[in-house]
Peer 1: 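Below is a structure I'd like to ask you about.
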Amino acid sequence: MRWDIFCKVIDNHGDAGVCWRLAAALSGEGETVRLWIDDPSALAWMAPEGCEGVSVVAWTAATAEIQATNAPAPDVLIEAFGCDPAPEIVAMFALHAPRNGSTHRWINLEYLSAEPYVERLHGLPSPVFRAPGAGLTKNFFYPGFTRATGGLLREPELMARRERFDRGAWLASQGIPWQGERLVSLFCYEPPALEALLSQFERADRPTRLLVTAGRAAAALPPGPAQRGALSISWLPHVPQPEFDHLLWACDLNFVRGEDSLVRAIWAGAPFIWQIYPQDDDAHHTKLNALMDWMNAPPSLRGFHHLWNGMARDRLPDLNRTTLESWGFSALAARACLLEQDDLLTRLQRFVAQKS
């Protein structure tokens, strides 16, 4: 079938990352995909080689008009995160709905959450009353952590690749001078506890190498030399999605942010700390606690998440071996639970087929 995915960039790593992974996964199943994105610049480094079967459209009014006039209508229309697809494409989609019949679907792909409402709302229909889509029906599709949700994106061969991964060889290929020290990745916004974390690493008995991702994480880091006491810092360039997975697989502790990297940290199976995208009304606090509840997170892991996300102001606990081991057990248990479930693409394809 033909799938159109619409994405408006808010956090270009998360929104674009999720939509690109979904597009590539659909292509891997033999589907034809157009990814409409209003700012495709991040894809230049996120997916530099592109993907056969996926065409990227810079989403403007002009390109929508051209595509609506010269390209076939999609069978499945996905609006990521309530972004309101181009009206020209919606009009074309609506025009062809009677002819396409059972394969004609409009999916509203929602944000990931472990909150209870996700199970209640997943799959529910939402009639469209305004032109150009008046008379059609959207269906909410919620990614999630239970069987009653839309699941998480996971490539079929991901765990096999994870099992074969050679940490030393990958680090050497990236020019990272690893000497056996603890490895920590940093992909974040501007966490209030960042300086306290760096200070702890600098004073620790065990050496740590911090692998800092390009962009906001690098900008948030206080200026200084690459060697700071027991802390060594390596600044990384922007890397394609597979290399970002490798970064998470290589590290003993991962600091991640947003949605896409949270899911990849879960599949990595290593201890992780998540910086959730902040919301003005602090609704993200409830969302963060829901994930901790689902993971049955030990108190130290929940507490560190609160500090990292500015929900508490206490002193950072020591990231010693015992603490990280307990976080690692929690991460592995969460991954094992999810591996027993179908992935998001499998559930999405089933959902589309079942709605006929």
Peer 1: How far apart are the C-alpha atoms of Thr32 and Arg2, what are their side-chain angles, what is the distance that settles it, and do they pass the side chain to side chain donor-acceptor pair (under 3.5 Å) test?
Peer 2: CA-CA 5 Å; Thr32 301; Arg2 292 183 296 272; over 6 Å; no

Peer 1: Indicate yes or no: at least one non-hydrogen side-chain atom of Val184 is less than 4.5 angstrom from one of Cys251.
Peer 2: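 Contact flag for Val184/Cys251 side chains = no.
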
Peer 1: Could you note down all residue pairs passing ring-ring contact (aromatic ring centres under 6.0 Å, His included) where residues 320-345 supplies at least one of them, sequence neighbours left out?
Peer 2: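 Applying ring-ring contact (aromatic ring centres under 6.0 Å, His included) to every pair that reaches into residues 320-345, excluding sequence neighbours, yields Phe304-Trp327.
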
Peer 1: When the aromatic ring centroids of His122 and Phe140 are compared, is their separation below 6.0 Å?
Peer 2: no

Peer 1: In this structure, would Phe81 and Tyr277 fall into the same cluster of hydrophobic residues linked by side-chain contacts under 4.5 Å?
Peer 2: yes

Peer 1: Who are the salt bridge (Lys or Arg N to Asp or Glu O under 4.0 Å) partners of Glu88, not counting sequence neighbours?
Peer 2: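 Checked Glu88 against salt bridge (Lys or Arg N to Asp or Glu O under 4.0 Å); zero matches.
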
Peer 1: Please step through side-chain contact (heavy atoms from CB on, under 4.5 Å) for the pair Trp170 and Glu243, ending with a clear verdict.
Peer 2: CA-CA 9 Å; Trp170 183 80; Glu243 296 302 331; 2.6 Å; yes

Peer 1: Is it possible for you to say whether Phe351 and Val118 belong to one hydrophobic cluster, with membership spreading through side-chain heavy-atom contacts below 4.5 Å?
Peer 2: no

Peer 1: Should Leu186 and Leu319 be counted in the same cluster of Ile, Leu, Val, Met, Phe, Trp and Tyr side chains packed under 4.5 Å apart?
Peer 2: yes

Peer 1: To check you understand the geometry: which heavy-atom pair defines the closest contact between Val57 and Arg34, and what is its length?
Peer 2: CG2-CD, 4.4 Å

Peer 1: Quick check for you: to the nearest 0.5 Å, what is the distance between Cys83 atom SG and Trp59 atom CH2?
Peer 2: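 Interatomic distance, Cys83 SG to Trp59 CH2, rounded to 0.5 Å: 4.0 Å.
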
Peer 1: How long is the gap from CH2 on Trp249 to CH2 on Trp267, to the nearest 0.5 Å?
Peer 2: 12.5 Å

Peer 1: Cut-off 3.5 Å, side chains only: do Arg203 and Ser199 have a donor facing an acceptor?
Peer 2: yes

Peer 1: Is Arg216 positioned over the aromatic face of Tyr189, cation under 6.0 angstrom from the ring centre and no more than 45 degrees off axis?
Peer 2: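 Not flagged: Arg216 not positioned over aromatic ring of Tyr189.
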
Peer 1: Please list, chain by chain and in numerical order, all residues satisfying ring-ring contact (aromatic ring centres under 6.0 Å, His included) with Trp308, sequence neighbours excluded.
Peer 2: Phe255

Peer 1: Between Gln341 and Arg347, is there a side-chain donor-acceptor contact under 3.5 Å, judged purely by atom types and distance?
Peer 2: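 Yes, side-chain donor-acceptor contact under 3.5 Å.
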
Peer 1: Which heavy atom in Met92 sits nearest to a heavy atom in Ala71, and how many Å separate them?
Peer 2: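 Heavy atoms only, the tightest pair is SD-O, 3.5 Å.
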
Peer 1: Check whether the side chains of Asp75 and Trp3 place a donor and an acceptor atom closer than 3.5 Å, and report yes or no.
Peer 2: no

Peer 1: Of the non-hydrogen atoms in Thr323 and Ser326, which two are nearest, and what is the gap between them?
Peer 2: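 For Thr323 and Ser326, the tightest heavy-atom pair comes out as O-OG, 2.7 Å.
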
Peer 1: I want to check something: taking the side chain as every heavy atom from C-beta on, are Leu198 and Pro222 in contact at a cut-off of under 4.5 Å?
Peer 2: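 When only atoms from C-beta onward are counted, Pro222 and Leu198 do touch, with a gap below 4.5 Å.
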
Peer 1: Going hydrophobic residue to hydrophobic residue with side-chain gaps under 4.5 angstrom, can you get from Leu262 over to Leu248?
Peer 2: yes

Peer 1: Does His305 reach the main-chain N or O of Trp274 with its side chain, forming a donor-acceptor pair under 3.5 Å?
Peer 2: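 Confirmed, His305 side chain pairs with Trp274 backbone.
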
